[in-house]
Protein chains: 2
Amino acid sequence: MSSIRYALLSLLAREPLSGYDIKLQMNNRLGPFWKAGSNQVYPEMAKMEAEGLIELQAVEQNTYRPARKVYEITEAGRDVLRKWTLEAGELEKVRDDFLLKVYNSWMVDPVTMSKRIEEIKKQHEERLAAYEEKIAELNRLVDQANGNNPLLSSISVVEFGVQYERLYIEWCDQLISKSK
Amino acid sequence: MSSIRYALLSLLAREPLSGYDIKLQMNNRLGPFWKAGSNQVYPEMAKMEAEGLIELQAVEQNTYRPARKVYEITEAGRDVLRKWTLEAGELEKVRDDFLLKVYNSWMVDPVTMSKRIEEIKKQHEERLAAYEEKIAELNRLVDQANGNNPLLSSISVVEFGVQYERLYIEWCDQLISKSK
DNA sequence: TCCTCCATGTAATCGGTTACATGATTCG
DNA sequence: CGAATCATGTAACCGATTACATGGAGGA
């Protein structure tokens, strides 16, 4: 079930990266989909190297600072990733604390609850804007250099994000209008 | 962050329940939203009883078998739950392994990938049907006994589920038509 | 006969989060 | 002058999942 391993491999399948790069890409780029701390990234990469799924491509030494170790995926790593990608898996549960709060909305003051819903809605609107910008950026990159591009897969995922945020915002609106 | 506590309290705020009842309601009724194993439920309920958030309402002894201990929420428990319900919280991340698999779809055989998407779609269609049935059932119950009903809150949550599943199914269709 | 249901609970393990540690550089 | 950035890593903790344990009733 250790899905963090596959997240790391998914990024490395596109370009060689250091552990630090991966952490950044997860926490900014692939933002609200996955996150990983250094504690997970570095030990997992060490394990994967030992198993031959990735290998050191270059070491950039900058006098002071710890050496920047750039890894690339091996053919064995690609095989493992491809196999996992096509594997069947259990459906995920939704698990959003705010849903549980709405489940309890019958027992709290409706006016205060409405304000909370408005706040949540605003946060999702921000995330929606970020996703839409991301898609525009990806589309620009795809146009100039086409082919069987990994970027098309990225767009599909971010598009899910866009649709999810739109749904969430609509649902918030429904909740607010119900409480009036 | 211990959200399991609030999940248990949310159920107990509606009716007195035993640990076993809660486990069942989580894994069937509140199905794909939250899950909990006995290891979490029983120790957490012991803690909450010690803190005065819930208290023993009845003990049903059935000669053999461990005694069925039914708990009810206290006024202190309701306060804690109301406070949490109106608290601000961080936005949840989405985290669905299948999204990561789609992110990798550029590197696998498109025909096989399409088959996998169809399978996932089917699973979401099943979940959608279950949600719709659940809503119909809840609506029947609401009609006969109205008021400021907790059931209305339940409906809102399940409605989120319905809309989420519809979105997922649509997105799968888009993926399939893109790969053609 | 064997499996599932009821009903409580414990133990081992695993994955993730937060915080800590180092240390020079660059930006406000 | 203090904060953030780069870049590696470790340690402590917490929540969740899986499996184990008991044991009789009732159905396939």
Side-chain angles (χ1 to χ4, degrees), chain A residues 1-9 11 16-28 30 32-50 54 56-71 89-97 100, chain B residues 1-9 11 16-28 30 32-50 54 56-71 89-97 100:
Chain A
M1 267 227 181
S2 57
S3 61
I4 194 65
R5 150 162 303 195
Y6 298 107
L8 302 187
L9 279 178
L11 292 173
L17 293 165
S18 71
Y20 188 76
D21 292 332
I22 288 181
K23 227 187 72 188
L24 284 190
Q25 289 214 12
M26 286 225 156
N27 299 342
N28 305 330
L30 264 178
F33 293 108
W34 289 270
K35 289 234 168 193
S38 34
N39 47 29
Q40 288 187 278
V41 172
Y42 295 115
E44 191 63 38
M45 285 180 85
K47 265 187 236 165
M48 290 198 291
E49 195 191 10
I54 61 176
L56 255 169
Q57 187 219 33
V59 179
E60 291 160 30
Q61 188 51 269
N62 218 329
T63 57
Y64 55 101
R65 247 189 246 173
R68 181 182 141 84
K69 300 197 275 178
V70 178
Y71 289 89
E90 293 269 296
L91 274 213
E92 226 74 30
K93 38 186 137 32
V94 181
R95 207 178 194 306
D96 178 336
D97 275 1
L100 191 54
Chain B
M1 268 228 181
S2 58
S3 61
I4 194 67
R5 151 162 303 195
Y6 297 108
L8 302 188
L9 279 178
L11 292 174
L17 294 164
S18 72
Y20 189 76
D21 292 334
I22 288 181
K23 229 187 71 190
L24 284 191
Q25 288 215 11
M26 287 224 157
N27 299 342
N28 304 331
L30 264 178
F33 293 109
W34 289 271
K35 288 236 168 192
S38 35
N39 46 34
Q40 288 187 279
V41 172
Y42 294 114
E44 192 62 40
M45 285 180 84
K47 266 188 234 164
M48 290 198 292
E49 194 191 10
I54 61 175
L56 255 171
Q57 188 220 33
V59 178
E60 291 160 29
Q61 189 50 269
N62 219 329
T63 55
Y64 58 100
R65 249 189 244 174
R68 181 182 142 84
K69 299 197 274 178
V70 179
Y71 289 89
E90 293 268 297
L91 274 212
E92 226 75 29
K93 35 186 140 27
V94 180
R95 207 177 195 310
D96 177 336
D97 275 1
L100 191 55

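Hydrogens, waters and symmetry mates play no part in the numbers below; they use all other heavy atoms, side chains included. Letters A, B, ... are given to chains in the order of the sequence lines, protein chains preceding strands, and every chain is numbered from 1.
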May I ask you to say what A/Arg68 touches in the nucleic acid, namely base, sugar-phosphate or nothing, with a heavy-atom cut-off under 4.0 Å? sugar-phosphate
Does A/Ala36 reach a base, just sugar-phosphate, or nothing at all? Heavy atoms under 4.0 Å. nothing
Are OP1 or OP2 of [N] and a side-chain N or O of [X] less than 4.0 angstrom apart?
X       : N      : result
B/Lys35 : D/dG15 : no
B/Gln40 : D/dG15 : no
B/Lys23 : C/dT8  : no
B/Arg65 : D/dG23 : no
A/Arg95 : D/dA16 : yes

Which whole-number value in Å describes the distance from [X] [atom1] to [N] [atom2]?
X       : N      : atom1 : atom2 : value
A/Glu60 : D/dA7  : CD    : C1'   : 11 Å
B/Leu56 : C/dA7  : CG    : P     : 15 Å
B/Met45 : C/dA7  : CE    : P     : 13 Å
B/Ile22 : C/dC6  : CD1   : P     : 16 Å
A/Ile4  : C/dG16 : CD1   : P     : 6 Å
B/Leu17 : C/dC6  : CG    : P     : 14 Å

Check: [Y] and [X] side chains under 4.5 Å, non-hydrogen atoms:
X       : Y       : answer
A/Glu49 : A/Met45 : no
B/Leu56 : B/Tyr71 : yes
B/Asp97 : A/Glu90 : no

Between [options], spot the one nearest the side chain of [X], thanks.
X       : options               : answer
B/Lys93 : C/dG9, C/dT17, D/dA7  : C/dT17
A/Leu24 : D/dC6, C/dG15, C/dA7  : D/dC6
B/Tyr42 : D/dG15, C/dT8, D/dC6  : C/dT8
B/Tyr20 : C/dT8, D/dC6, D/dA16  : C/dT8
A/Ser38 : D/dA16, C/dA19, C/dC5 : C/dA19
B/Ser18 : C/dT17, C/dT8, D/dT17 : C/dT8

